[in-house]
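Worth knowing before you read on, the calculation uses all heavy atoms, side chains too, and leaves out hydrogens, waters and symmetry mates. Every chain is numbered from 1, with letters handed out A, B, ... down the list of sequences.
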Amino acid sequence: MEPKKLTMVVFSGDMDKAVAAFNIATGAAASGWEVTMFFTFWGIKLVQQGGLTGRSLFGRMLGLMNRGGINRVGPSRLNFLGAGRWMFKRMMKSHGAAPLAELQKLAGELDVKMIACQMSMDVMEIRRDQLIPEVAEVGGVAAMLEEAGQSQATLFI
Amino acid sequence: MTQEKEADLVLDLKGLVCPMPVVRVSQAMKRLDVGAVIEAVATDPAVVADMRAWARTTGNELLSMEQSGGLFTFRLRKVK
């Protein structure tokens with residue numbers, strides 16, 4: 001029997017949605033599914049190493065005000081300039097939930113295929129070498145659709 | 001008492017929450033031979049539904065699931 005396949009478009013760069021995305025990805029991979037995560041727009045933040053990015057004035061401003069890296073992303077609600085992120089991290093820890101960075105690392109270990117969107121990277125002026133090494137390739141809509149077309153489940157997060 | 005095969009591997013999943021119990025069980029299963037039995041203890045109530053679904057999805061067998069106090073003890077046999 002062919003393994004089932006899951007494709008996820010991770011558009012959001014919010015911590016809460018990222019927890020859901022990596023939770024589903026690792027759970028699926030552990031259940032024998034082939035999993036592809038396609039990171040686009042704000043989702044690129046989740047696969048950035050976390051350094052400053054950008055070449056132009058706007059690009060640099062974006063890199064400064066929207067700093068990437070999985071440990072920097074905040075929740076979609078109640079962030080309060082980072083206080084919410086701190087609170088959620090504490091609460092997840094106290095309830096035994098795996099930290100987001102650990103889930104991401106685990107996804108890599110479980111062979112979850114991570115693809116970064118070239119167009120988002122171009123627009124936001126983020127280079128390939130500024131992404132984490134777990135990103136297997138950089139591609140566009142055709143790369144995502146090829147994976148989605150072979151999938152039993154496709155999610156947009 | 002029913003006659004039970006002694007577990008080949010005992011997993012402590014206490015304190016772990018979704019998706020970690022499933023991930024740990026899956027990782028442990030990979031290292032075992034077909035026919036091997038895992039016994040695991042967890043505190044996450046979601047394992048009741050999750051291990052049943054995981055066994056069906058992966059084609060392995062959930063031999064038992066028992067709850068006692070806040071502990072969930074289950075046994076799985078590797079079928080493939």
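- Here Glu147(A) pairs with Lys5(A) in a salt bridge; the nearest charged N to carboxylate O distance falls below 4.0 Å.
- Chain B forms the most heavy-atom pairs under 4.5 Å with one residue out of Ser31(A), Ala98(A), Gly32(A), and that residue is Ser31(A).
- Donor-acceptor pairing under 3.5 Å is recorded for the side chains of Ser56(A) and Glu125(A).
- Contact tally against chain A (heavy-atom pairs below 4.5 Å) for Val25(B), Val17(B), Asp50(B): the top residue is Val17(B).
- Residue Lys89(A) places its NZ atom among more than 12 non-hydrogen atoms of other residues, nucleotides or ligands, all under 6.0 Å distant.
- The environment of Met87(A) atom CE is dense: over 12 non-hydrogen atoms of other residues, nucleotides or ligands sit within 6.0 angstrom.
- Using a 4.5 Å cut-off between heavy atoms, Leu106(A) touches chain B through its side chain atoms alone.
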